[in-house]
Amino acid sequence: MIDKRVPTLAEAVAGVKDGSTVLIGGFGNSGVPVELVHALLELGAGDLTIVTNNAGSGETDIAALIRERRVSRIVCSYPRSAGSVWFEKFWRAGEIELELVPQGTLSERMRAAGAGLGGFFTPAGADSPLADGKEVRVIDGRRHVFEKPLPADVALIKADRADRWGNIVYHSAARNFGPVMATAAALTVVQVREFVELGALDPEAIVTPGIFVDRVVEVSA
Amino acid sequence: MIDKRVPTLAEAVAGVKDGSTVLIGGFGNSGVPVELVHALLELGAGDLTIVTNNAGSGETDIAALIRERRVSRIVCSYPRSAGSVWFEKFWRAGEIELELVPQGTLSERMRAAGAGLGGFFTPAGADSPLADGKEVRVIDGRRHVFEKPLPADVALIKADRADRWGNIVYHSAARNFGPVMATAAALTVVQVREFVELGALDPEAIVTPGIFVDRVVEVSA
Amino acid sequence: MKLAPIEMARRVALDIPDGSYVNLGIGLPTLVADVVPADREIVYHSENGILGMGPAPEPGTGDPALINAGKQPVTLLPGGAYMNHTDAFVMMRGGHIDITVLGAFQVSERGDLANWATDEATMPPAVGGAMDLAVGARRVLVMTSHTTKDGRPKLLPACTYPLTAAGVVDRIYTDLAVLDVTDSGFLVRELVPGVSADELQDRTAAELTFAPDLVALTPV
Amino acid sequence: MKLAPIEMARRVALDIPDGSYVNLGIGLPTLVADVVPADREIVYHSENGILGMGPAPEPGTGDPALINAGKQPVTLLPGGAYMNHTDAFVMMRGGHIDITVLGAFQVSERGDLANWATDEATMPPAVGGAMDLAVGARRVLVMTSHTTKDGRPKLLPACTYPLTAAGVVDRIYTDLAVLDVTDSGFLVRELVPGVSADELQDRTAAELTFAPDLVALTPV
């Protein structure tokens, strides 16, 4: 029988190792798997590469991971925000490496990893210094830059509901990076507001099918 | 006001020109926009390049387009079927050109067109004669073949319901190529079983947002 | 005399046709949604996976997860849809957005846009979705003050800051003028009353051409 | 003595663990779904956008749009989901399918698979999703008669037909034997009673190695 439900946040993140690449969902404060990130903090894994859109804000979740020196490298599109104090402090001190990626390319690189593709050419960034050192090719008269897949060891995602097969639906704009991150990681962990019975989710409306999900954990709002 | 609903099949396909590249949804007999294809036949446009998974069967829809000599070229993954008599006849006579594309590559090439990408490397087909004449690159120890975007002039799609913004939901496995074809064509035309009021479709479950759709027409079952 | 931000937004709004799919950049451009004529139905897109975005909710109401690209609370209109980030960028990069309105640090006379990084190195760089929008939207409109706060020109023969994308800008709306990017450089279409052609040229590093049918850019 | 197709299917089914995501190729492999032990929960994938596919509906019932890759009517189990073609192939090519069972014209001792085209040119070529499955599934099982109808070997030092994919086959289930593809070629794991090692070698063009713990492939 397939049952991807785990009872605790600790079990949800169990086994994440030092040096892992971890995808963390969310855009601003929408869709961030705060409780899973705190469980990762508790677990103690360090030397992490974090792939996420923003570099944390305030004192919780991603900012806390950075503050506690668990993050050696961050791959993101927009690290700056009102409260990105810890990231900025470590970045200025040269203690955290930043790989800046245009947001569409960030998402597409994860998709390529999940889709088993070897890379793609995109016009985004091809005219900018972000293309430095990368292969640039003119296709149909337009400059394109070659971008590689971005696979990961772990994805931490927040969603709304899940069944025991790991089928997932999200809530409004909290969906954001969840579906693509689920495809790109060897271990995909999803926190949801609610477990539902198998068959309760509309098969026309399942956003992330269980094949992409390894563990689901319920976190009451 | 946005209103993509058109009252007749003739208006739905109006303006399709000789020499167009036309994407036609469906897999086997599931999800084929039969009525739209018949309207295209009626319209009379010829010298068409048809992109579709199968090469028609029996005497209707795609088979009829071929029989009536409207198709000069077909791009598909699986032209052979029990009733693909007309395709085989014209193919043997050298009167129709066939570009055979692995099914995942067919779908992915349309996605690349819709997504504004310049092409991608895939392992599918890289070891086969289908890679002949194409760029092959070893990535992470595996052979990949470079595949180009496949954009089109027109897409003909069958779905279940639509609102006046052109938001679309599908029915079970008839969804197949519809969503990706909708993104890849300059003119996307969708036949649906039923029009619904704006706001009637669940925003969490809309599969093809109206931004990808130009015309919708109701075809009663 | 120069236009206030809301007056600039009203001018931009006039150029957004009924039925357009529009993405408004963070900052100044977001003002445009508030002033589009009421008889036009516009579908607003947000890079974080919203199509058919509506205005901010009443204070104290609304869905905390439903925010726009600038992380401000918004609503969803009837007919709106949610999608994942990858699909939101298919819309942007794939040429499905009719119009984007973006801010700018610099625009060159060839339509090059620099709006993500300056030459200072004290703040970490950030790019977001600007590059995908700039290369992908069918029409790229820039909305910006004509000069920097300390009076330096933003419209240049060539950008000195790192590019967002080359040759993408179609039209620029400043607090002084409306300019098209043409094959022969900046063409001034509209000019605020009280500012002379010479004065505008003085505040512009690139050479300007003035349209024969130059129109007064009167605040509305 | 050789195995009947349903006996081959039963043998394959034993190697499909509980909880697997499985794609069965058209033809012989589809038999496997009917004989998987009832205590195993298997999620079947179909390339046309179905995950969690169930058996054929009762005659006269069912959804005409709900067909499998072989265009036969099927059903959807509770927990099943529909997806578009592109996403169905993300699952296939992206390494998310645990096991695929495919038919074959030829398999080489290096695990090369030829299952889409022969050398005859009278029929138009057709490929379908075979290449994406072969390169993408975590484990590629081949289910085939040991020789062609006219007795020619299908297991070869090198394929003579155009390849589907190189070096992808993990294990082969024939009507005579179960063979692993190893770094040193075909390793026979199980052999039908009544067929000697020499007889099997006679029907195989590639050189065979026999496992020290060779097991009798008894029909179940």
Side-chain angles (χ1 to χ4, degrees), chain A residues 31 102 104-105 107-127 131 134-151 159-161 167-176 178-180 193 201-209, chain B residues 31 102 104-105 107-127 131 134-151 159-161 167-176 178-180 193 201-209:
Chain A
T105 302
S107 175
E108 195 68 22
R109 286 181 60 196
M110 290 188 276
R111 182 185 180 275
L117 300 174
F120 57 91
F121 284 96
T122 176
D127 303 317
K134 295 180 177 174
E135 177 183 353
V136 170
R137 184 182 293 195
V138 175
I139 299 172
D140 287 338
R142 179 162 221 177
R143 285 166 61 89
H144 288 68
V145 58
F146 182 63
E147 294 285 355
K148 292 181 182 160
L150 179 50
D160 193 52
R161 279 167 292 156
N167 290 307
I168 300 290
V169 295
Y170 298 82
H171 171 72
S172 81
R175 185 185 304 193
N176 58 65
V180 73
R193 184 179 55 82
L201 299 177
D202 179 359
E204 301 280 4
I206 288 171
V207 175
T208 294
Chain B
T105 302
S107 176
E108 194 68 22
R109 287 180 59 195
M110 291 188 274
R111 181 184 181 276
L117 299 174
F120 57 91
F121 284 95
T122 176
D127 304 316
K134 295 179 178 175
E135 177 183 354
V136 170
R137 183 183 293 195
V138 175
I139 299 172
D140 286 338
R142 179 160 221 177
R143 285 166 60 90
H144 288 70
V145 58
F146 183 63
E147 295 285 354
K148 292 179 182 163
L150 178 51
D160 193 55
R161 280 167 292 157
N167 290 308
I168 300 289
V169 295
Y170 299 83
H171 172 72
S172 80
R175 186 186 302 194
N176 58 64
V180 72
R193 185 180 55 81
L201 299 176
D202 179 359
E204 301 280 2
I206 288 170
V207 175
T208 295

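So you know, we letter chains A, B, ... as the sequences are listed, proteins then strands, and number each from 1.
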Original post:
If you tally heavy-atom pairs under 4.5 Å against chain B, which of A/Pro149, A/Gly119, A/Ala124, A/Gly104 wins?
Top reply: A/Gly119
Subject >> Residue part contacting chain B, namely of A/Glu108, when any heavy atom lies under 4.5 Å >> reply: side chain
**OP:** Compare all side-chain heavy atoms of A/Val169 with those of B/Glu204 and state whether any distance is below 4.5 angstrom.
**Re:** no
Subject >> Engaged part of A/Phe146 at the chain B interface, taking heavy atoms whose separation is under 4.5 Å >> reply: side chain
Subject >> Winner by heavy-atom pair count (cut-off under 4.5 Å) against chain A, out of B/Ala205, B/Pro203, B/Ser172 >> reply: B/Ser172
Subject >> Segment of A/Arg143 engaging chain B (4.5 angstrom heavy-atom cut-off) >> reply: neither
**OP:** Measure distances from A/Arg142 to the heavy atoms of chain B and classify the residue's part below 4.5 Å as side chain, backbone, both or neither.
**Re:** neither
Original post:
Is it true that atom CG of B/Asp140 has more than 12 heavy atoms of other residues, nucleotides or ligands lying nearer than 6.0 Å?
Top reply: no
